[in-house]
Structures are given as C-alpha cells and as structure tokens.
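Handing you this structure, nothing more for now.
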Amino acid sequence: MAYWLMKSEPSEISIDDLASFPDQTVGWFGVRNYQARNFMRDQMQPGDGVLFYHSSCAEPGVAGLAEVVGAPYPDPTQFEKGEKYFDEKATPEVPRWFQVDVRLVKKTRLLALSEIRSNPDLQEMRILAKGNRLSITPVSSFEWRTIQKLINP
DNA sequence: GCCAACGTTGGC
DNA sequence: GCCAACGTTGGC
C-alpha cells in the first residue's frame with residue numbers, strides 16, 4: 001500500500017468534475033513526463049491512496065482523497081492524431097505513455113498549499129521542494145496520516 | 001503576466 | 001555525449 005499526490009488543474013478536471021464522472025473515476029491521461037509515467041506504470045497498485053491536488057489555480061492544495069483502481073494501461077490520447085496529447089513516436093504495439101484509473105473516495109475541505117507549507121510534519125513533501133514540477137509524487141505513510149488528521153473533522 | 005526551475009530536443 | 005536553446009510548469 002503506497003500513497004501518492006496527483007496534480008490536476010481544476011480548469012481541466014476538478015474534484016467536482018471527478019465526482020460527476022461515471023463511477024467517480026477518471027483515467028489519468030496526459031502525463032508526458034517519464035518519471036511520473038514510471039510511477040503509474042511500475043509502482044502503483046490498486047488500492048493505493050491518492051491525494052487529489054488542484055494546481056495552477058487560485059487556491060492550490062489538496063481537494064480530496066482518491067484511490068488507484070485497476071492496472072496501468074496505455075494512455076489512449078497518445079494515439080489521437082492532431083490532438084493535444086498525440087505522440088507520433090508511440091504506437092499501439094509499443095506505447096510510450098501509460099495511465100491508471102483513479103476513483104474518488106471523498107471530497108474534503110481544501111488543504112491549502114500554504115497550510116502544507118506551514119506544517120512542521122509536512123516539510124519533506126515533494127510538493128514543497130524547490131523547483132518541483134512533477135505531477136505525480138510519492139507521499140509517505142506518515143505524511144498521509146498527518147494529512148488525514150488535518151482534513152477529517 | 002512574470003519568472004525560476006526543470007525536462008527535452010537536436011546540432012555538433 | 002555535451003550543452004545551448006527552447007518549451008513547460010506552477011506559484012505568485
């Protein structure tokens with residue numbers, strides 16, 4: 001059982017969008033960074049905990065809890081010619097990009113980035129590291145438990 | 001809109 | 001394999 005923080009721009013997919021999807025599940029398409037891809041392809045397991053994080057918005061922070069469901073599979077958007085996420089070097093036989101499905105567990109209060117930054121127990125989070133841009137980062141079980149206490153009434 | 005930081009690309 | 005140029009991320 002591992003834990004992850006996954007960034008999504010709410011202008012693309014917000015926590016409320018996720019809540020409205022069938023099975024409250026979304027395929028995590030569009031990742032085009034090898035390190036983030038490797039986390040999904042090689043390390044994620046069904047049942048892993050996910051912090052759903054809103055980035056590039058007015059109030060960045062953790063907006064809800066989710067979980068990994070199912071096994072990784074090729075990101076279909078890499079084959080969509082002319083579309084944003086098309087990759088001409090990817091083929092169905094040799095796909096380059098992978099995704100997992102992520103299901104909402106519950107929407108929470110917003111745990112703002114500023115609150116994460118000011119919490120002594122969360123200083124080691126990758127999200128706070130200078131220059132960090134990875135859209136998927138591991139979260140320690142201690143950090144996960146700390147955050148549960150902060151967001152659960 | 002700014003800009004620091006980082007990843008990728010491509011010429012050599 | 002090096003590295004300059006370029007594009008992207010994401011908080012502010």
Side-chain angles (χ1 to χ4, degrees), chain A residues 2-21 24-44 48-68 72-140 142-144 146-151:
Chain A
Y3 304 99
W4 309 93
L5 181 147
M6 300 177 79
K7 296 178 185 173
S8 180
E9 299 185 17
S11 61
E12 299 295 324
I13 298 177
S14 71
I15 193 81
D16 291 326
D17 294 332
L18 180 58
S20 74
F21 290 165
Q24 301 192 326
T25 298
V26 65
W28 209 264
F29 64 89
V31 169
R32 294 293 180 269
N33 170 282
Y34 289 104
Q35 211 177 338
R37 178 204 67 178
N38 291 349
F39 284 141
M40 290 196 287
R41 189 190 62 182
D42 305 334
Q43 292 190 233
M44 284 190 184
D48 279 2
V50 173
L51 302 173
F52 190 101
Y53 181 91
H54 281 172
S55 68
S56 291
C57 59
E59 288 189 296
V62 174
L65 303 174
E67 65 178 351
V68 174
Y73 58 98
D75 177 344
T77 65
Q78 70 193 300
F79 309 124
E80 294 172 355
K81 199 164 187 176
E83 300 295 321
K84 180 178 178 185
Y85 293 114
F86 178 67
D87 184 340
E88 63 180 2
K89 293 179 180 170
T91 65
E93 292 73 27
V94 188
R96 175 176 290 197
W97 305 111
F98 290 79
Q99 64 183 48
V100 295
D101 285 347
V102 171
R103 179 165 60 209
L104 180 67
V105 172
K106 68 173 176 179
K107 181 180 177 178
T108 64
R109 78 171 177 89
L110 185 86
L111 178 66
L113 176 60
S114 58
E115 191 175 347
I116 295 172
R117 185 170 282 133
S118 64
N119 189 305
D121 289 336
L122 299 176
Q123 292 307 298
E124 299 303 313
M125 290 194 73
R126 292 279 291 277
I127 197 87
L128 298 183
K130 187 176 178 182
N132 169 69
R133 289 180 352 190
L134 259 190
S135 63
I136 299 175
T137 50
V139 173
S140 74
F142 173 71
E143 289 158 351
W144 177 267
T146 300
I147 288 172
Q148 300 303 309
K149 289 176 197 162
L150 290 172
I151 58 183

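Atoms considered below: every heavy atom in the structure, side chains included; atoms not considered: hydrogens, waters and symmetry mates. Model, not experiment: these values are computed from the prediction. Sequence lines set the chain letters: A, B, ... in the order given, protein chains first and strands last, and positions in each chain run from 1.
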**Study point:** Earlier contact from the 5' end, DNA chain B, for A:R133 and A:R96
**Key:**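 Taking each residue's closest nucleotide, the earlier one in sequence belongs to A:R133.
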Check your understanding: Looking only at side chains, do A:S14 and A:D17 share a donor and an acceptor under 3.5 Å apart?
Key ->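 Yes.
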Exercise for review: Examine distances only and state if a side-chain atom of A:K107 and a backbone atom of A:D16 form a donor-acceptor pair shorter than 3.5 Å.
Suggested key: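 It does not hold such a pair.
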**Study point:** Pairing of A:R37 and A:D75 as salt bridge, 4.0 angstrom limit
**Key:**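 No, this pair does not count.
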Exercise for review: Determine the contact category for A:R117: base if any of its heavy atoms lies under 4.0 Å from a base atom, sugar-phosphate if only primed atoms, P, OP1 or OP2 are that close, otherwise nothing.
Suggested key: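 Sugar-phosphate contact only.
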**Study point:** A:Q99 side chain to A:Y73 side chain, donor-acceptor N/O pair below 3.5 angstrom
**Key:**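 Result is yes, a qualifying pair exists.
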**Study point:** Pairwise 5' ranking along DNA chain B for A:Q35 and A:K89, keeping only the more 5' one
**Key:**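 Counting from the 5' end, the first nearest nucleotide belongs to A:Q35.
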Check your understanding: Does anything in residues 76-94 of chain A pair up under salt bridge (charged side-chain N to carboxylate O under 4.0 Å, His left out), and if so which pairs, sequence neighbours excluded?
Key ->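 As it turns out, the salt bridge (charged side-chain N to carboxylate O under 4.0 Å, His left out) pairs with a partner in residues 76-94 of chain A, which skip direct neighbours, are A:D87-A:R96.
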Exercise for review: Provide the start and end nucleotides, 5' to 3', of the part of DNA chain B that has atoms under 4.0 Å from heavy atoms of chain A.
Suggested key: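 Counting from the 5' end, contacts occupy B:dA5 to B:dT8.
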